[in-house]
Amino acid sequence: QVQLVESGGGLVQAGDSLRLSCAAAGRTFSNYVMGWFRQAPGKEREFVAAIKRDGSDTYYADSVKGRFTISRDNAKNTVFLLMNDLKVEDTAVYYCAGRQRLRVSISRNDYDYWGQGTQVTVSS
C-alpha cells in the first residue's frame with residue numbers, strides 16, 4: 001500500500017501559476033503509474049494528467065494540454081503538477097492517484113490509491 005499526500009493548492013487569480021506536489025510513502029514509488037484528477041463542485045472526478053512509472057511519457061486531458069505539466073522525481077517519491085495560465089474553470093479539488101500497473105490509464109476506476117486532495121481556486 002502507498003500513502004499519498006498532496007500539497008500546493010491555494011487561491012490564485014486567472015493567469016497565475018501553481019505547482020502541486022504529491023508525496024508518496026510506503027511501497028516503491030517507481031512501481032506506480034501516477035495521475036492527477038480533479039473534481040469541481042457538482043461534477044464527477046475527471047482525469048487531468050498521468051505519467052509513466054519511469055517518467056518517460058505523459059498524458060493530458062485536452063482541457064489542460066499546453067498549460068499543465070506533470071513530472072515526477074522517483075528519488076524523492078514525489079509527483080508534481082505545474083499549472084500555468086490558470087483559468088476559473090480549473091477551480092477544483094485536485095487529487096493525485098497511484099496505479100500499480102505498467103500501463104497508464106486515464107480512468108479514475110483504474111487507480112488503486114488516492115490522496116485526500118488539495119483545493120485550487122482560481123478567481124477572475
Side-chain angles (χ1 to χ4, degrees):
Q1 187 167 342
V2 64
Q3 293 80 41
L4 303 173
V5 178
E6 302 96 336
S7 61
L11 172 62
V12 297
Q13 292 190 327
D16 285 351
S17 298
L18 272 179
R19 190 178 79 156
L20 305 183
S21 299
C22 173
R27 296 290 182 88
T28 305
F29 181 68
S30 58
N31 287 346
Y32 291 83
V33 167
M34 296 301 297
W36 285 97
F37 292 76
R38 67 186 181 186
Q39 188 167 16
K43 295 189 176 181
E44 292 190 349
R45 193 170 299 188
E46 66 175 3
F47 170 76
V48 175
I51 188 166
K52 281 189 171 180
R53 298 191 303 186
D54 62 359
S56 61
D57 210 351
T58 56
Y59 305 79
Y60 298 95
D62 287 344
S63 59
V64 306
K65 202 171 293 183
R67 299 188 298 123
F68 290 12
T69 303
I70 187 172
S71 61
R72 66 190 297 162
D73 185 340
N74 285 346
K76 296 183 178 180
N77 292 352
T78 305
V79 62
F80 305 97
L81 185 68
L82 175 61
M83 305 184 294
N84 293 325
D85 189 24
L86 281 161
K87 304 179 185 303
V88 172
E89 52 265 40
D90 294 319
T91 296
V93 177
Y94 282 72
Y95 298 89
C96 73
R99 168 179 163 80
Q100 196 175 8
R101 300 289 190 276
L102 180 62
R103 185 177 62 86
V104 173
S105 172
I106 65 171
S107 170
R108 65 182 185 270
N109 296 324
D110 289 338
Y111 284 78
D112 306 304
Y113 303 103
W114 293 83
Q116 293 299 306
T118 186
Q119 176 71 48
V120 172
T121 303
V122 185
S123 64
S124 58

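Predicted, not measured: the structure shown is a model, and the values here were computed from it. Hydrogens, waters and symmetry mates play no part in the numbers below; they use all other heavy atoms, side chains included.
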Are more than 12 heavy atoms from other residues, nucleotides or ligands located less than 6.0 Å from atom CD of Gln116?
no
Are Tyr95 and Val64 linked, directly or through other ILVMFWY residues, by side chains that come within less than 4.5 angstrom of each other?
no
Look at the rings of Tyr94 and Phe68 and say which category their plane angle falls in: under 30° parallel, 30 to 60° tilted, over 60° perpendicular.
tilted
Intermediate values then yes/no, side-chain contact (heavy atoms from CB on, under 4.5 Å), Val79 and Trp36
CA-CA 9 Å; Val79 62; Trp36 285 97; 3.9 Å; yes
More than 12 heavy atoms from other groups under 6.0 Å of NZ on Lys76
no
Quick one: is the NZ or CZ of Arg72 closer than 6.0 Å to the six-membered ring centre of Phe29, and within 45° of its axis?
yes
Answer yes or no: is there a donor N or O on one side and an acceptor on the other, between the side chain of Glu6 and the main chain of Thr118, under 3.5 Å?
no
Counting distance only, does the side-chain N/O of Tyr60 pair as donor-acceptor with the main-chain N or O of Ile70 below 3.5 Å?
yes
First locate atom OH of Tyr32, then atom CZ of Arg53, and finally report the distance between them rounded to the nearest 0.5 Å.
10.5 Å
Hydrophobic cluster membership, Phe80 vs Leu82, 4.5 Å side-chain cutoff
no
Could you pull out the closest heavy-atom pair between Met34 and Leu4, with the gap in Å?
CE-CD2, 3.9 Å
Report the distance from atom CG of Leu81 to atom OG1 of Thr69, rounding to the nearest 0.5 Å.
8.0 Å
Shared hydrophobic cluster for Ile106 and Tyr113 (ILVMFWY, side-chain gaps under 4.5 Å)
no
In Å, rounded to the nearest 0.5 Å, how long is the span from CG of Leu86 to OG1 of Thr121?
10.5 Å
Whether Asp112 side chain and Gln100 backbone form a donor-acceptor pair below 3.5 Å:
yes
Between Ser56 and Lys52 the two heavy atoms that sit nearest each other are OG-CD, 3.5 Å
Which heavy atom in Leu102 sits nearest to a heavy atom in Val33, and how many Å separate them?
O-CG2, 3.8 Å
Out of curiosity, Asn74 CG to Asp54 CG, how far, rounded to the nearest 0.5 Å?
8.0 Å
Measuring from Gln39:CD to Glu46:CD, what's the distance to the nearest 0.5 Å?
9.5 Å
cation_pi(Arg45, Phe37) dist<6.0 Å, angle<=45
no
Can you confirm whether Glu44 is buried at CD, in the sense that more than 12 heavy atoms of other residues, nucleotides or ligands lie under 6.0 Å from that atom?
no
Charged N-O contact under 4.0 Å between Asp90 and Lys87:
no
Heavy atoms only: give me the nearest Ser124-Ala14 pair and the separation to one decimal.
CA-CB, 4.4 Å
Minimum heavy-atom separation for Gly35 and Tyr111, please, with both atom names.
N-CE2, 3.8 Å
Please round to the nearest 0.5 Å and tell me the distance separating atom CG of Asp73 and atom OG of Ser30.
11.5 Å
